[in-house]
Amino acid sequence: MALEGPLQYPPELLDTTMDQLRTLIMVREEGTALGAARRLGREQSSVQKQLDTMNRTFAALCGEELVLKQGRGRDALFTATGEALVGLARRTLGDWTDGVHDARRRLGRTLSVGTTRYTLGFLLDAVEHVSEEYERDNVDLKVTHVRTGDLFTKLRSKELDVVCGSVVVTEGEEQEQLAPYEVMEWRRSGLSLLTNLPPERLPGGSFGAGDLPALPLVISARGLIGRFLTSWYGPDYRQKLTVAAEIEAAHYGFELLRSGVVSGAMLVTRGIGEAAADGRLPEAAGLRMLDIVGDVGPRTEVLVGVFTRRGERDSYGPAHPLNRLWEALSWESERWWLRP
């Protein structure tokens, strides 16, 4: 009678440990047993012993060793079977890690939260409401800085369970864009300009998006601003605008304008513009703020709020850490005027 299920697995395969799989991956990444040993904090002989064991095992199972020695000072040569098993080892350990994390999240043992720089204060205020309960229940709360452009990616991959931040929503696309997520909306707004240009060069308190090509602009290389400009002017917006400087971080743009190295206007979210105008953003002191009127392209807005995967909160009880934090964030949203 043929064996079925777990009983049919080769005994040699069952003797292969996850630690051996990790060693195999380390040797592939470092090139040598010595390099892997250093990275793992072990003796080279220990790593080599594991390699020898796996070579014997898979030579018997597959007909080919995994790793061939190349001589002193040369990287180990991985056979085709070795390369295939390294990929399988990575997937195996990754799947087990994800499975453990999913179980811990489901049972309320861990909660991973992401926040952008301008929503961190809001999150910390909310965490104060639940910190004692989390400590009592041994909840491992992990807070991570997340870039706006990575917000949904990290939620989809389950790297984060909840995110406080901003996304760009465009008329006609918003429903589909937000369908996979539950959203606690805090506010919506457009963009502003922060400028060092004198009032006679750039008068008034607002500026039309359609007139942006006439200004020397400081723009972010990615993120919210790029999505606005793509919505208004298309993916080739750089050819339609006068880009005086392209930056990765807002603080670098503030320094360029305050130093006078660049004369122009920097595109920022309305919340950042208001914070600068109110004196709540010292690094932008001295720059004037103008609101941008979105008079080109489809209606596009910054939506600031809290995001989590749709349906996940409903699958947990009210005492689950995710639901407790969500409730605390809801309390804060009612009493605190958000400054994104």
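No hydrogens, no waters, no symmetry mates; every other heavy atom, side chains included, goes into these values.
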Is any side-chain heavy atom of [Y] closer than 4.5 Å to one of [X]?
X: Gln20; Y: Thr53; answer: yes
X: Thr148; Y: Leu151; answer: no
X: Leu66; Y: Thr81; answer: yes
X: Ile272; Y: Leu281; answer: yes
X: Leu123; Y: Val143; answer: yes

Interatomic distance, [X] atom [atom1] to [Y] atom [atom2] [nearest 0.5 angstrom]:
X: Leu241; Y: Tyr233; atom1: CG; atom2: OH; answer: 6.0 Å
X: Leu68; Y: Leu51; atom1: CG; atom2: CG; answer: 11.0 Å
X: Met184; Y: Ser333; atom1: CE; atom2: OG; answer: 5.5 Å
X: Ser189; Y: Ile292; atom1: OG; atom2: CD1; answer: 11.0 Å
X: Asp140; Y: Ser112; atom1: CG; atom2: OG; answer: 7.5 Å
X: Thr170; Y: Trp232; atom1: OG1; atom2: CH2; answer: 10.5 Å

When clusters are formed by joining ILVMFWY residues with side-chain heavy atoms under 4.5 Å apart, either directly or through shared neighbours, do [X] and [Y] land in the same one?
X: Phe58; Y: Phe78; value: yes
X: Phe207; Y: Ile219; value: yes
X: Leu215; Y: Phe228; value: yes
X: Val293; Y: Leu267; value: no
X: Val167; Y: Val268; value: no

I'd like to know if [X] pairs up with [Y] as an ion pair, taking the criterion as any Lys NZ or Arg NE/NH1/NH2 lying under 4.0 Å from an Asp or Glu carboxylate oxygen.
X: Arg147; Y: Asp150; value: no
X: Arg310; Y: Glu182; value: no
X: Arg299; Y: Glu301; value: yes
X: Arg28; Y: Glu83; value: yes
X: Lys154; Y: Glu159; value: yes
X: Lys158; Y: Asp98; value: no
X: Asp102; Y: Arg105; value: yes
X: Glu29; Y: Arg90; value: yes

Looking at [X] and [Y], what are the two nearest heavy atoms and their distance?
X: Ile225; Y: Ser220; value: CG1-OG, 4.0 Å
X: Arg258; Y: Pro282; value: NH1-O, 3.3 Å
X: Leu322; Y: Arg313; value: CD2-CG, 3.7 Å
X: Asp19; Y: Arg42; value: OD1-NH2, 2.6 Å
X: Val146; Y: Gly114; value: CG1-C, 3.9 Å
X: Tyr134; Y: Pro321; value: OH-O, 2.6 Å

Is there a donor-acceptor contact under 3.5 Å linking the side chains of [X] and [Y]?
X: His129; Y: Glu327; answer: no
X: Ser206; Y: Asp291; answer: no
X: Gln50; Y: Thr23; answer: yes

Requested in this report: Using the six-membered ring of Tyr316, assess whether NZ or CZ of Arg106 lies under 6.0 Å from its centre and within 45 degrees of the ring axis.
Outcome: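 Geometry flag: not set, cation outside 6.0 Å or 45°.
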Query raised in the report: Got more than 12 heavy atoms from elsewhere within 6.0 Å of CZ, Arg188?
Result: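 Counting neighbours around CZ of Arg188, more than 12 heavy atoms of other residues, nucleotides or ligands fall under 6.0 Å, so yes.
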Query raised in the report: For Glu246, does the CD atom sit with more than 12 other heavy atoms under 6.0 Å from it, leaving out its own atoms?
Result: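 Yes, enclosed.
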Report task. Please report the C-alpha distance between Glu274 and Arg187 in whole Å, then the side-chain angles of each, then the deciding distance to 0.1 Å, and finally whether the salt bridge (charged side-chain N to carboxylate O under 4.0 Å, His left out) criterion is met. Result -> CA-CA 13 Å; Glu274 291 171 351; Arg187 69 174 291 184; 3.4 Å; yes
Query raised in the report: Would Val67 and Leu77 count as a side-chain contact (heavy atoms from CB on, under 4.5 Å) if you check the C-alpha gap in whole Å, the side-chain angles of each, and the deciding distance to 0.1 Å?
Result: CA-CA 6 Å; Val67 186; Leu77 175 64; over 6 Å; no
Requested in this report: Starting from the C-alpha separation in whole Å, work towards a yes-or-no answer on salt bridge (charged side-chain N to carboxylate O under 4.0 Å, His left out) for Arg109 and Asp137.
Outcome: CA-CA 8 Å; Arg109 295 294 182 264; Asp137 297 339; over 6 Å; no
Query raised in the report: What do the steps show when you test Thr195 against Arg288 for side chain to side chain donor-acceptor pair (under 3.5 Å), and what is the final call?
Result: CA-CA 5 Å; Thr195 183; Arg288 288 193 302 121; 5.2 Å; no
Query - Positive for side chain to side chain donor-acceptor pair (under 3.5 Å) with Asp52, one of Lys49, Gln48, Arg56 - result: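 The side chain to side chain donor-acceptor pair (under 3.5 Å) with Asp52 is passed solely by Gln48 among Lys49, Gln48, Arg56.
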Requested in this report: Take Met266 and Leu217, measure what side-chain contact (heavy atoms from CB on, under 4.5 Å) needs, and give me the verdict at the end.
Outcome: CA-CA 6 Å; Met266 179 177 171; Leu217 296 174; over 6 Å; no
Report task. List the steps, then state whether side-chain contact (heavy atoms from CB on, under 4.5 Å) holds for Val306 with Val183. Result -> CA-CA 6 Å; Val306 188; Val183 182; over 6 Å; no
Query raised in the report: How are the rings of Phe307 and Phe152 set relative to one another: parallel (under 30°), tilted (30 to 60°) or perpendicular (over 60°)?
Result: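 Geometry flag for Phe152 against Phe307: perpendicular rings.
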Query raised in the report: Using the ring of each side chain (for Trp, its six-membered ring), is Phe122 parallel, tilted or perpendicular to Trp186, with breaks at 30° and 60°?
Result: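 Plane angle between 30° and 60°, so tilted.
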Query raised in the report: Does the side-chain contact (heavy atoms from CB on, under 4.5 Å) test come out yes or no for His101 and Trp96, once each step is laid out?
Result: CA-CA 9 Å; His101 183 71; Trp96 270 88; over 6 Å; no
Query raised in the report: Stepwise, does the salt bridge (charged side-chain N to carboxylate O under 4.0 Å, His left out) test hold for Asp236 with Lys240?
Result: CA-CA 7 Å; Asp236 60 341; Lys240 300 175 183 179; 3.5 Å; yes
